[in-house]
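Notes to accompany the following structure.
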2 protein chains.
Amino acid sequence: MKLSTKGRYGVAAMYELALHYGEGPISLKSIAANQGISEHYLEQLICTLRNAGYVTSVRGAQGGYVLSKDPAVITVGDIITTMEGPIALVDCLLTEADRNSYCEKAGACVTRGVWAKVCDSINSVLDSISLADLCREEKN
Amino acid sequence: MKLSTKGRYGVAAMYELALHYGEGPISLKSIAANQGISEHYLEQLICTLRNAGYVTSVRGAQGGYVLSKDPAVITVGDIITTMEGPIALVDCLLTEADRNSYCEKAGACVTRGVWAKVCDSINSVLDSISLADLCREEKN
DNA sequence: TTTATTCCCGACTAAAACAATCGGTTTTGT
DNA sequence: ACAAAACCGATTGTTTTAGTCGGGAATAAA
């Protein structure tokens, strides 16, 4: 299991924005340079974040991107979910309805319990860490 | 984040073998039919498990596969790691040396802590569940 | 000894996801 | 006017996924 660059770059970019929260817009170019990411590629990713309402763009010279919300209320889980879709290790865990329903397939149903536990554990870690937490860590 | 069929089918097949542990070899055909998996595809997967020493094959008519160890000492984590490689969400967490080293990239290093936490949490769940646990669950 | 069963092995492939790249358009501060 | 940015759509090379196909070798049962 690997995390794709979508998720990693997404969190990296958001972290960069969080570091400069309140200092006006940060350009794509500086984020990309700082994190060593292709500018054009990052553009696509940050577009997803914008559509999800986590960042706001400022066009024109001296423009860039700004967090739409306070770093304390954006979690790593929010970002990962936006970039990679819901953390559902298997399809039958995608919706709440699925989780409560009974699986037809004999053995599959038993193993499903395992995947559910893993998903819950991943989510609880990701949701417990905010961008503000990351920034705080940097200072130490 | 999704689990590939390698991991899912691998665990499903091992679970099937665990259910019939001590009853002689189980054929690929019956495992595949029971779990609704392509026989030829499953063959490749189980080959990986065999190379890793988790299953033993018995050739010839009435042959099949048998668990090499007691279901109680094979964990879901063992199987997933065999099928999908080590759970390292990002490359710089692959080895123990990497984990202890310091990252050069400024922001990347801070986010790495997040990925390490998630990996540890996944592993602790996967390693805590044995095939015997799954079989026990079935009976309830 | 023949035959049916079952594992063994290597090659091939279609489709999707991943990770970009490229080129041009629009907006806006200086 | 000009340069700095964001915006947008199309295209592309590579890798992974999830198989398929076909023949070969071992062995139990007839």
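Both backbone and side-chain heavy atoms feed into the values below; hydrogens, waters and symmetry mates do not. All values reported here derive from a predicted model rather than from experimental measurement. Proteins get letters first, then strands, A, B, ... in listed order; numbering begins at 1 in each.
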remark   = Nt span of DNA chain C in reach of chain B heavy atoms at under 4.0 Å, 5' end first, is C/dT5 to C/dA11
Review item, side-chain donor-acceptor pairs of residues 23-30 of chain B, under 3.5 Å, at least two apart:
residue : atom : partner : partner atom : Å
B/S27   : OG   : B/S30   : N            : 3.2
B/S30   : OG   : B/S27   : O            : 3.0

ask   = With sequence neighbours left out, what residues match A/Q44 under side chain to side chain donor-acceptor pair (under 3.5 Å)?
value = none
message = So, using side chain to side chain donor-acceptor pair (under 3.5 Å) as the criterion, who are the partners of B/S57 when residues are at least two apart?
response = none
query = Considering residues at least two apart in sequence or located in another chain, which fulfil the side-chain contact (heavy atoms from CB on, under 4.5 Å) criterion with B/S124?
reply = none
ask   = Closest nucleotide of DNA chain C for A/L3 versus for B/G63: which of these residues is on the 5' side?
value = B/G63
request  = Go through the side-chain N and O atoms of A/T48 and A/N51 and say whether any donor and acceptor fall under 3.5 Å apart.
outcome  = no
Please tabulate the protein-to-nucleotide N/O contacts below 3.5 Å involving nucleotides 14-17 of chain D, giving atom names and distances.
residue : atom : partner : partner atom : Å
D/dT17  : OP2  : B/K6    : NZ           : 3.1

query = So, is B/Y9 close to the D/dA18 phosphate, meaning a side-chain N or O under 4.0 Å from OP1 or OP2?
reply = no
ask   = Excluding sequence neighbours, so at least two apart, what forms side-chain contact (heavy atoms from CB on, under 4.5 Å) with B/A18?
value = B/L67, B/P71, B/L131, B/C135
inquiry  = Please report the end-to-end axis angle for the helix from C/dT1-D/dA30 to C/dT30-D/dA1, five pairs per end, rounded to 10 degrees.
reply    = 10°
message = Minimum heavy-atom separation for A/C119 and A/A88, please, with both atom names.
response = SG-CA, 4.1 Å
ask   = What nucleotide, of D/dA6, D/dG19, D/dA29, holds the atom closest to the side chain of A/L28?
value = D/dA6
Listing time: all N or O pairs from protein to nucleotides 7-11 of chain D that are below 3.5 Å?
residue : atom : partner : partner atom : Å
D/dC7   : OP1  : A/S57   : OG           : 2.3
D/dC7   : OP2  : A/Y65   : OH           : 2.8
D/dC7   : N4   : A/E43   : OE2          : 3.2
D/dC8   : OP2  : A/R50   : NH2          : 3.4
D/dC8   : N4   : A/E43   : OE1          : 3.4

key: Results of side chain to side chain donor-acceptor pair (under 3.5 Å) for B/S128 - residues two or more places apart only   = none
With sequence neighbours excluded, residues passing side chain to side chain donor-acceptor pair (under 3.5 Å) with B/S121 = A/S121
task = Could you name each residue pair satisfying side chain to side chain donor-acceptor pair (under 3.5 Å) that touches residues 63-74 of chain A, not counting sequence neighbours?
result = A/T56-A/S68
message = If only side-chain N and O atoms count, and only distance matters, is there a donor-acceptor pair under 3.5 Å linking B/T5 with B/Y41?
response = yes
inquiry  = Checking B/K117 against B/D120 for the salt bridge (Lys or Arg N to Asp or Glu O under 4.0 Å) test, could you report, in this order, the C-alpha distance in whole Å, the side-chain angles of both residues, the deciding distance, and whether it holds?
reply    = CA-CA 5 Å; B/K117 273 187 198 168; B/D120 289 345; over 6 Å; no
Taking every non-hydrogen atom, the tightest pair across B/I80 and A/W115 = CD1-CH2, 3.7 Å
